[in-house]
Amino acid sequence: MQTLASHRKPRSLSGVRTASPAVGITTAALASVTLLSAQSASATPVEPKPSIEEVQKKVDDLYRQAGSETQKYNRAKETTQKQKRAVDRVLDEVAKRADKLNEARRTLGSFAAAQYREGAVTPTAALLFADSPQAFFEQKQVTDRLTERQRGVLTDYQTQQAAAAKKRAQASKDLESLTASQAALRTSKQNVQQKLGAARALLSRLTKEEKARLAALERKKEEEARRKAEARAKLEARAKEEAERKREEQQAKTPSTGTGTGTGSGTGSGQSGTGAGTGTGAGTGTSGGTGTSDGSYATKAAKVLSFARAQIGKPYVWGATGPSSYDCSGLTQAAWKEAGVELPRTTGEQVKAGTRVATEDLLPGDLVFFYDDISHVGIYIGDGMMIHAPKPGANVREESIYYMPIYGSIRPA
């Protein structure tokens with residue numbers, strides 16, 4: 001049998017060779033994607049690490065903001081406490097009014113029950129059934145008096161009811177205000193904690209070397225403030241010397257005058273005869289002077305400074321008023337309370353609680369306030385220095401008033 005020729009084409013290797021360009025294209029595409037990804041990644045802006053100076057400024061600002069939020073917290077806390085006391089008083093009044101209302105209600109109930117038991121009898125029927133006309137008229141007078149009393153009880157009941165409703169409405173309103181104040185208190189507390197947490201987180205990311213540099217910057221800032229305080233101390237010393245010199249000059253110029261009498265007599269024998277003589281002489285003098293401080297204020301200020309110095313070394317705790325820890329306004333409030341002067345709780349209110357004083361006219365005991373938002377306060381002790389509760393992590397201490405930007409000063413008493 002004749003063999004049939006095969007029509008199948010021989011296998012070619014061209015198919016294998018045509019796959020190579022596809023592989024090459026795919027590899028190139030992957031390489032391009034990788035390159036583009038790398039370029040994209042490198043193109044993404046990377047936030048530069050802040051300098052130590054920027055960290056110091058940021059931390060100081062966070063502490064200042066925390067101080068401001070602390071004053072808001074103190075104000076909300078004080079308001080909440082006052083409103084809670086007011087609510088308690090109103091609720092006590094509501095309870096008393098409720099007792100009086102219940103008493104009036106019971107009296108009315110007894111009258112209604114008596115009337116129900118006796119039933120309604122017409123005057124004509126009562127006269128017919130009475131033992132005598134006289135007995136009827138006597139009973140009618142008693143009934144009229146009873147009716148008069150019932151009307152009085154009813155009027156009293158209506159009065160007590162209206163008063164109780166008024167007190168309940170007041171209590172409801174006060175409770176709403178209290179709830180709002182408590183919400184503000186919680187918000188302020190959270191804000192303080194957030195600011196302090198941000199400051200701690202920022203400091204925790206610093207290396208040992210960076211922390212050392214930050215400490216050096218703090219020392220430099222303190223040194224600059226100390227130099228300013230020393231210059232202020234020299235000015236105060238010169239002013240004191242000048243005042244003393246003027247006082248002495250005034251005293252020297254004061255004229256002196258005087259009066260006095262004296263007598264004497266004597267006798268002798270011989271040719272000299274007798275002799276007698278009289279003479280007068282005396283003197284008075286006056287002196288006066290003025291100082292830079294009132295004696296009463298100086299006495300109070302001495303008590304304030306004595307108390308403040310005794311608190312040095314105690315920790316700053318936001319919202320604290322002593323005796324183991326303080327925030328800035330808590331310390332000033334406690335110190336002046338020792339001198340018999342009641343200051344408000346917050347810096348924003350304390351700055352209004354006295355006579356405004358220029359920085360160059362400061363006296364020991366005056367209060368110095370800082371920053372535009374009046375978020376810090378210290379007690380001036382003289383020579384450009386103050387005692388204050390600085391910030392979280394620090395203790396009550398003496399420091400230059402020039403360490404922070406001064407807002408203004410007051411003399412509380």
Side-chain angles (χ1 to χ4, degrees), residues 60-78 188 191-192 195 221-222 224-226 228-229 232-233 235-236 293 297 300-301 303-305 307-309 311-312 316-322 325-339 341-392 394-413:
D60 287 347
D61 189 53
L62 285 170
Y63 278 137
R64 183 195 61 75
Q65 291 178 35
S68 182
E69 291 296 334
T70 296
Q71 296 307 313
K72 293 179 183 179
Y73 171 83
N74 292 339
R75 185 163 52 250
K77 184 177 180 180
E78 187 177 42
S188 297
N191 289 341
V192 172
K195 301 297 182 185
K221 182 179 177 182
E222 291 171 1
E224 290 175 354
R226 186 184 62 80
K228 290 182 180 179
R232 170 59 189 267
L235 289 175
E236 290 184 4
S293 63
Y297 182 77
K300 291 179 180 178
K303 294 180 180 179
V304 171
L305 298 185
F307 178 88
R309 287 192 173 99
Q311 312 313 308
I312 290 177
Y316 174 101
V317 174
W318 64 272
T321 57
S325 59
Y326 297 90
D327 64 16
C328 64
S329 57
L331 177 63
T332 53
Q333 184 186 47
W336 268 100
K337 186 176 182 180
E338 192 72 12
V341 177
E342 293 287 344
L343 290 179
R345 176 65 182 92
T346 65
T347 53
E349 294 301 318
Q350 287 183 6
V351 75
K352 305 172 188 175
T355 305
R356 292 301 292 266
V357 180
T359 303
E360 58 268 22
D361 297 327
L362 284 170
L363 293 176
D366 292 346
L367 300 184
V368 186
F369 298 85
F370 302 91
Y371 301 111
D372 290 340
D373 58 0
I374 322 176
S375 56
H376 194 72
V377 63
I379 305 169
Y380 189 67
I381 62 176
D383 296 337
M385 301 293 288
M386 67 177 171
I387 295 176
H388 70 141
K391 59 186 178 182
N395 297 332
V396 176
R397 66 192 182 200
E398 291 186 9
E399 196 152 48
S400 168
I401 62 173
Y402 300 103
Y403 184 75
M404 295 167 283
I406 297 174
Y407 171 85
S409 307
I410 68 158
R411 189 158 298 151

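Residues take their numbers from the sequence shown, with the count starting at 1.
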(Q) Show, in sequence, the C-alpha distance, side-chain angles and deciding distance for D373 and Y407, and conclude whether the side chain to side chain contact (heavy atoms under 4.5 Å, CB included) test is met. (A) CA-CA 8 Å; D373 58 0; Y407 171 85; over 6 Å; no
Q: Indicate yes or no: at least one non-hydrogen side-chain atom of Y63 is less than 4.5 angstrom from one of P392.
A: yes
Q. Think R411 forms a cation-pi with Y297, using NZ or CZ under 6.0 Å from the six-ring centre and within 45 degrees of its axis?
A. yes
(Q) For K77, I'd like to know if atom NZ has over 12 heavy atoms of other residues, nucleotides or ligands within 6.0 Å. (A) no
Q: Measure the shortest side-chain to side-chain distance between R345 and T321 over non-hydrogen atoms and say whether it is less than 4.5 angstrom.
A: yes
Q. Any side-chain heavy atom of T347 within less than 4.5 Å of one from Y371?
A. no
Q | Check: M385 and R232 side chains under 4.5 Å, non-hydrogen atoms | A | no
Q.
Within this structure, what is the OG-CG distance for the pair S409 and D361, rounded to the nearest 0.5 Å?
A. 10.0 Å
Q.
Just so I know, are the side chains of V341 and V304 near enough to count as touching, which here means a heavy-atom distance under 4.5 Å?
A. no
Q | Stepwise side chain to side chain contact (heavy atoms under 4.5 Å, CB included) test for E69 and W318 | A | CA-CA 10 Å; E69 291 296 334; W318 64 272; over 6 Å; no
Q) Is E224 salt-bridged to K228, cutoff N-O under 4.0 Å? A) no
Q.
Could you walk me through whether R64 and F370 satisfy the side chain to side chain contact (heavy atoms under 4.5 Å, CB included) test, starting with their C-alpha distance in whole Å, then the side-chain angles of each, then the deciding distance to 0.1 Å, before giving a yes or no?
A. CA-CA 10 Å; R64 183 195 61 75; F370 302 91; over 6 Å; no
Q: May I have the step-by-step check of side chain to side chain contact (heavy atoms under 4.5 Å, CB included) for I312 and I387, ending in yes or no?
A: CA-CA 8 Å; I312 290 177; I387 295 176; 4.2 Å; yes
Q: Salt-bridge test for R75 and E78: reply yes if a basic N is under 4.0 Å from a carboxylate O, no otherwise.
A: no
Q: Determine whether L331 and S329 make a side-chain contact, defined as any pair of heavy atoms from C-beta on separated by less than 4.5 Å.
A: no
Q: Kindly confirm or rule out a cation-pi arrangement of K221 over Y403, judged by NZ or CZ under 6.0 Å from the six-membered ring centre and within 45° of its axis?
A: yes
Q. Is a donor on one side and an acceptor on the other found under 3.5 Å between the side chain of D366 and the backbone of Y380?
A. no
